[in-house]
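To keep things clear, I will list the structure first and then write my remarks on it.
Numbers here simply count residues along the sequence, with the first being 1.
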Amino acid sequence: MTLLPLLLATALGQYDPDYPPPPPPPPPPSWRYRSAQPHASEAPRGTFGVVWMPLGVTSFGDASGSSGSFPEGQLDFELRAPTGGARLRAGFEYGEVSRSVEVGLKYDFNDRGRVRPFLGVALGAGSVDPDSTWRASLGASAGVDLFLTRDFFFSLEVEGKRYGGDRQQGGGMYDPMGDGFAQASFRLGFGIYL
């Protein structure tokens, strides 16, 4: 009689019901995938920016009448969309022997990263001492922005610019880039988006 409860207890103690296995864990997010849209918890980024580059140096081609390197600075205003790397840019360049204004486009690569290399093009006008005549200009720039926060950054930029002349082509046609001269600039500064 004592054997029956012992067999019953042993049989019940070894019973293991068939539960389904747990589902596999989800895969980790890929480092390659980044949504272009900000997360719902993020506030929208600033769209109006002020960029001040007070540390700069510039030099001009021989035809300008100014030789050597001169200190300069630049103040830019930028507009950017809520997403994407395109910026509309307006700037004022001031220096020891030059003044110019420009309107252009700037494109940041790696728009969601901290380090954002960029390229830019601009049209404008400027004058270089000793000639006070304002001449049309065409510029191209490259650089890098280092974002410390979402809306504050340091900027380093190299720009090449071509100023037009006042030469006329044969037949009396005006040539805006004839008899012009070149300018090369290097600038360092910071900016903030509001």
Heavy-atom closest pair (F77 atom, L75 atom, distance to 0.1 Å) is CZ-CD2, 3.9 Å

Taking ILVMFWY side chains as joined if any heavy atoms are under 4.5 angstrom apart, and letting links pass through other members, which residues group with L119?
Y107, F109

Polar side-chain atom of N110 near backbone of V115 as donor-acceptor pair, under 3.5 Å:
yes

Using a 3.5 Å cut-off and no angle test, enumerate the donor-acceptor pairs between side-chain atoms of residues 47-54 and protein atoms at least two apart in sequence or in another chain.
| from | atom 1 | to | atom 2 | distance (Å) |
| --- | --- | --- | --- | --- |
| W52 | NE1 | Y94 | OH | 2.8 |

Using side-chain heavy atoms (C-beta onward) and a distance below 4.5 Å, is R135 in contact with F181?
yes

Out of the candidates E157, K161, E159, R187, only one should pair with S141 under the side-chain hydrogen bond (donor to acceptor under 3.5 Å, both in side chains) rule; please name it.
E157

For the side chain to side chain contact (heavy atoms under 4.5 Å, CB included) test, which of V57, L55, T58 pairs with E72?
T58

Verify salt bridge (charged side-chain N to carboxylate O under 4.0 Å, His left out) between D145 and R87, making sure each step is shown before the conclusion.
CA-CA 13 Å; D145 291 337; R87 279 94 169 101; 5.8 Å; no

Going by heavy atoms in the side chains, are Y193 and R45 under 4.5 Å from each other?
no

Donor-acceptor under 3.5 Å (R114 side chain, F147 main chain)
yes

So, for Y163 and S100, which heavy atoms are closest and what is the spacing to 0.1 Å?
OH-CB, 3.8 Å

So F60 and F70, would you call those rings parallel, tilted or perpendicular, with 30° and 60° as cut-offs?
tilted

